[in-house]
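Right, one structure below, let's go through it.
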Amino acid sequence: MFSGTMQAHALSHRAPTWPWLVLVALAAALYLFGLGSFYAPTNGDEMVYIHIARMTAESGHWLPLQSELVGTRNTKPPLLIWQAMVAGGWGQHWSLFALRLPSIAYTFATTALLAFFAHRMAPAPGKLRTACIAAALYLLFFSTFRYGRVYLTSAPETFWLALPMWWLLWLHLRGRTVASPAHQLGAWAYTLIGIAMGLGAAYKSFALVAPTAAALWCAVLLSEPWNWRPAVRTTVGVTWSALLGLGIFALWFVLDPNPAEVWQEFVVAENAGKMSSSLGYWQAALYGAYPMWTQLLAYPANGGLLALPVLGFCLHALARGWRPRYYAHLSPALWVLLAWLVVWLVVFTIPNQRSERYVIPAMPALAIAMALLWDRLHRVWFAATLLITVPALVMLGRIAWVMGSLGMASPTEVAMTLLAAGAGLAGAIAGFVRFSWVRNATLLACLAVLGCFTLMVQPISGDAAGYSTTVQSQMKGQRLAVPNGFTGQYERFHFVLPGARITPYDAEGRNTGALYPEMPAPQRLDRLLKEFDAVVWLQDDLNEQPSCLPHCRLVAQRWHVKSRHKDGEVTLDNLWQPQLWLFRREWLLTPAAGG
């Protein structure tokens, strides 16, 4: 499958490597820039788990976990929650930047490891270039950008669960003749591997022990000639590692004062529920909400803007995988990557609930494999990607320009966004003008899109775009009704207006029965103002004024990005006018004095 992939083009080898180092440095810097933004790409449930971490920290105890949200208290293992509690200083340094920073550390550690092994696996010359390509690919995969830099993340389990595979790769790549890995992996090695499995599982789920153990077992046996004695030794060792990993995860039940609730909420509801379906297994697998075929596209889906090059890689590998003679040419290290990628995909095709997010811990292997094949991937996949990034860059630049015209962004902020968009467009043009550059131009264009987005939302993300310290002081201790467009999203107001006593109400068309969603907007606002000291209300139309005036007081306002749109609200006719469908104001209102 990978035969012949170790010979890159001579011109590529002679090219300078400093542009690649700059690309990786820019991608890494982008991960830190805007880290505290509410608009950073993330999972919608991030605020749910920040809420659990805040409530648990306020309790003053590690366990049990605390939550005001029904059915969420034990839906993630405690290590994820404890990470936030420690990073936030048990509430003393409670900021999105602080809570998300550990994820960056994990992501950068994983990036460094995969770059190291890509460097060791690549042929000379061009080792540094291949390492940089692998690092850039991993950082530019949207799954990494979305789940590798914010709080609700896959970065910790990806780091811990990859350690056994890194160790196996190291045994194969040490550069001197030694005993086979099956003989070198002794009791201490399998014990350390089990600890790594347990720590990874303690961030997400005990279920992750299964693909980790299976991938390690397959990788060890496939990467060396078959012999029944090493096979038995490997099976016993991996079994011990898996049991130890499960034992570490099971400490949650020992330490938690309410183990029965942990069992019911986490094991039964959160995990076992993903294996059951009222349709029956095969009907759900073929025709249900999560059919098996969608999981086959898990790796391209995780690639985001790089989905087409990832798809091209997968098809390239499959085309050669049908020919048995190619497997004889695979090096042991490539067998490890192959087992890593295939086993994770197969394992997470089995549950009834399937998601591309489940294979994120195998994305480091994908980055290395793609980097090794970089010069053999067909250019058409990269050209098609550029055709997608060009309109994305133009639209992001247009939104930034509109933000400037509305007074949301300063001329300098608009200029920085337009500069990033221009750099991406220049790279795309260069890729088309000189087609041999199209692969590298694609990485630059993808970086520009992510950078453009981050720069674009920066004016509405910083402290200057929030409520003043005077307003925050005024709201401390006050009963405040705030909009909630998704489960737990109201938690963000604990950062915006710290110290306020916050109660959520349904907003943006989400009807969960909280605080009079059936009422017409003007009557609902009046009712909330009667029951609370203050209300945060979302503008429905850009030209609208608070309907409660003059019987209420507008204390402050800030810009809000509308996340839910009705049918027909965004059309081709108004797409170029984002002010008509994207931006609204958020008003902080109080009852008028004596009202």
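Values below: every heavy atom of this structure, side chains too, minus hydrogens, waters and symmetry copies.
- Of the N and O atoms on the side chains of Thr75 and Tyr49, at least one donor lies less than 3.5 Å from an acceptor on the other residue.
- For Ser95 (side chain) and Ala98 (main-chain N/O), a donor-acceptor pair under 3.5 Å exists by modelled atom type.
- If you take OG1 on Thr72 and CG on Leu65, they are separated by 10.0 Å, rounding to the nearest 0.5 Å.
- Annotation: cation-pi geometry satisfied between Arg527 and Tyr516 (NZ/CZ under 6.0 angstrom from ring centroid, within 45° of ring axis).
- Here the rule is ring pair (Phe, Tyr, Trp, His ring centres under 6.0 Å) with Tyr505, and of Tyr490, Trp537, Phe532 only Trp537 fits it.
- His551 has its side chain out of reach of Leu529: every pair of non-hydrogen atoms, C-beta onward, lies at least 4.5 Å apart.
- Classification of the Tyr31-Phe108 ring pair by plane angle, with boundaries at 30° and 60°, yields tilted.
- Two residues are said to be in side-chain contact when any heavy atoms from C-beta on lie closer than 4.5 Å; Lys76 and Tyr203 fail this criterion.
- The pair Arg100-Glu46 meets the salt-bridge criterion, with a side-chain N (NZ, NE, NH1 or NH2) lying under 4.0 Å from an Asp/Glu carboxylate O.
- A donor-acceptor contact shorter than 3.5 Å is absent between the side chain of Trp252 and the backbone of Pro77.
- The shortest side-chain heavy-atom distance between Lys562 and Trp581 does not fall under the 4.5 Å cut-off.
- Taking all atoms of both residues into account, the shortest heavy-atom contact from Arg149 to Leu35 is O-CD1, 3.0 Å.
- When atom types are taken as modelled, the side chain of Glu356 and the backbone of Tyr299 share no donor-acceptor pair closer than 3.5 angstrom.
- No donor-acceptor pair closer than 3.5 Å links the side chain of Glu265 to the backbone N or O of Trp263.
- Looking only at side-chain heavy atoms (C-beta outward), Thr417 and Leu396 stay at 4.5 Å or farther from each other.
- In this structure a side-chain-to-backbone donor-acceptor pair under 3.5 Å is missing from Ser143 to Ile360.
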Show, in sequence, the C-alpha distance, side-chain angles and deciding distance for Val267 and Phe206, and conclude whether the side-chain contact (heavy atoms from CB on, under 4.5 Å) test is met. CA-CA 9 Å; Val267 177; Phe206 63 89; 4.2 Å; yes

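- The closest donor-acceptor contact from the side chain of Gln539 to the backbone of Glu544 lies under 3.5 Å.
- Ring geometry, Phe249 versus Phe266: the interplanar angle falls from 30° to 60°, so the pair is classed tilted.
- In this structure, Leu99 and Trp94 have side chains that are in contact, with non-hydrogen atoms separated by less than 4.5 Å.
- With hydrogens and angles disregarded, no donor-acceptor distance shorter than 3.5 Å links the side chain of Glu413 to the backbone of Gly404.
- Looking at every heavy atom in both residues, Leu32 comes nearest to Phe97 through O-CE1, 4.0 Å.
- Not one N or O on the side chain of Arg501 forms a donor-acceptor pair closer than 3.5 Å with the backbone of Gln478.
- Within a 6.0 Å sphere centred on CH2 of Trp90, other residues, nucleotides and ligands contribute more than 12 heavy atoms.
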Which is it for Arg54 and His494 under the side-chain contact (heavy atoms from CB on, under 4.5 Å) test, yes or no, and what are the steps along the way? CA-CA 10 Å; Arg54 179 181 60 82; His494 284 283; 3.2 Å; yes

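- Classified by interplanar angle (parallel below 30°, tilted 30° to 60°, perpendicular above 60°), the ring pair Phe145/Phe142 is tilted.
- To the nearest 0.5 Å, the span separating CD on Gln579 from CZ on Arg584 amounts to 9.5 Å.
- Closest non-hydrogen pair, Ser67 versus His51, comes out as OG-CD2, 3.5 Å.
- When all heavy atoms are compared, the tightest approach of Gly148 to Ala155 is CA-CB, 4.1 Å.
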Applying side-chain contact (heavy atoms from CB on, under 4.5 Å) to Arg558 and Arg585, what does each step give before you reach the verdict? CA-CA 6 Å; Arg558 61 175 189 156; Arg585 290 181 179 86; over 6 Å; no

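- Counted within 6.0 Å of CH2 on Trp559, heavy atoms from surrounding residues, nucleotides or ligands total more than 12; the atom is thus considered enclosed.
- Between Arg492 and Ile502, the closest side-chain pair of non-hydrogen atoms is not below 4.5 Å.
- The shortest non-hydrogen separation linking Ser103 to Val150 is OG-O, 2.8 Å.
- Dense packing is recorded around CE of Met408, with more than 12 heavy atoms of other residues, nucleotides or ligands lying under 6.0 Å away.
- To the nearest 0.5 angstrom, His560 atom NE2 is 13.0 Å from Phe38 atom CZ.
- A distance-only check finds a donor-acceptor pair linking the side chain of Thr56 to the backbone of Gln66 [under 3.5 Å].
- Taking each heavy atom of Ser547 and Leu525 in turn, the nearest pair found is OG-CD2, 3.7 Å.
- Leu480 CG to Leu588 CG: the interatomic distance, rounded to the nearest 0.5 Å, is 6.5 Å.
- Interatomic distance, CG of Leu589 versus CD of Gln557, reported as 9.5 Å (0.5 Å rounding).
- A distance-only check finds a donor-acceptor pair linking the side chain of Tyr151 to the backbone of Leu80 [under 3.5 Å].
- Counting heavy atoms from C-beta on, the side chains of Val536 and Pro483 come closer than 4.5 Å.
- No side-chain N or O of Tyr467 forms a donor-acceptor pair with one of Gln474 less than 3.5 Å apart.
- Side-chain atoms of Pro459 and Met403, non-hydrogen and from C-beta on, do get closer than 4.5 Å to each other.
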Would you sort out whether Thr158 and Thr107 count as a side-chain contact (heavy atoms from CB on, under 4.5 Å), showing the intermediate values? CA-CA 8 Å; Thr158 297; Thr107 296; over 6 Å; no

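- Between Trp160 and Tyr106, the side chains place a donor N or O and an acceptor N or O closer than 3.5 Å (distance only, hydrogens not considered).
- Interatomic distance, CG of Leu582 versus CG of Leu575, reported as 10.5 Å (0.5 Å rounding).
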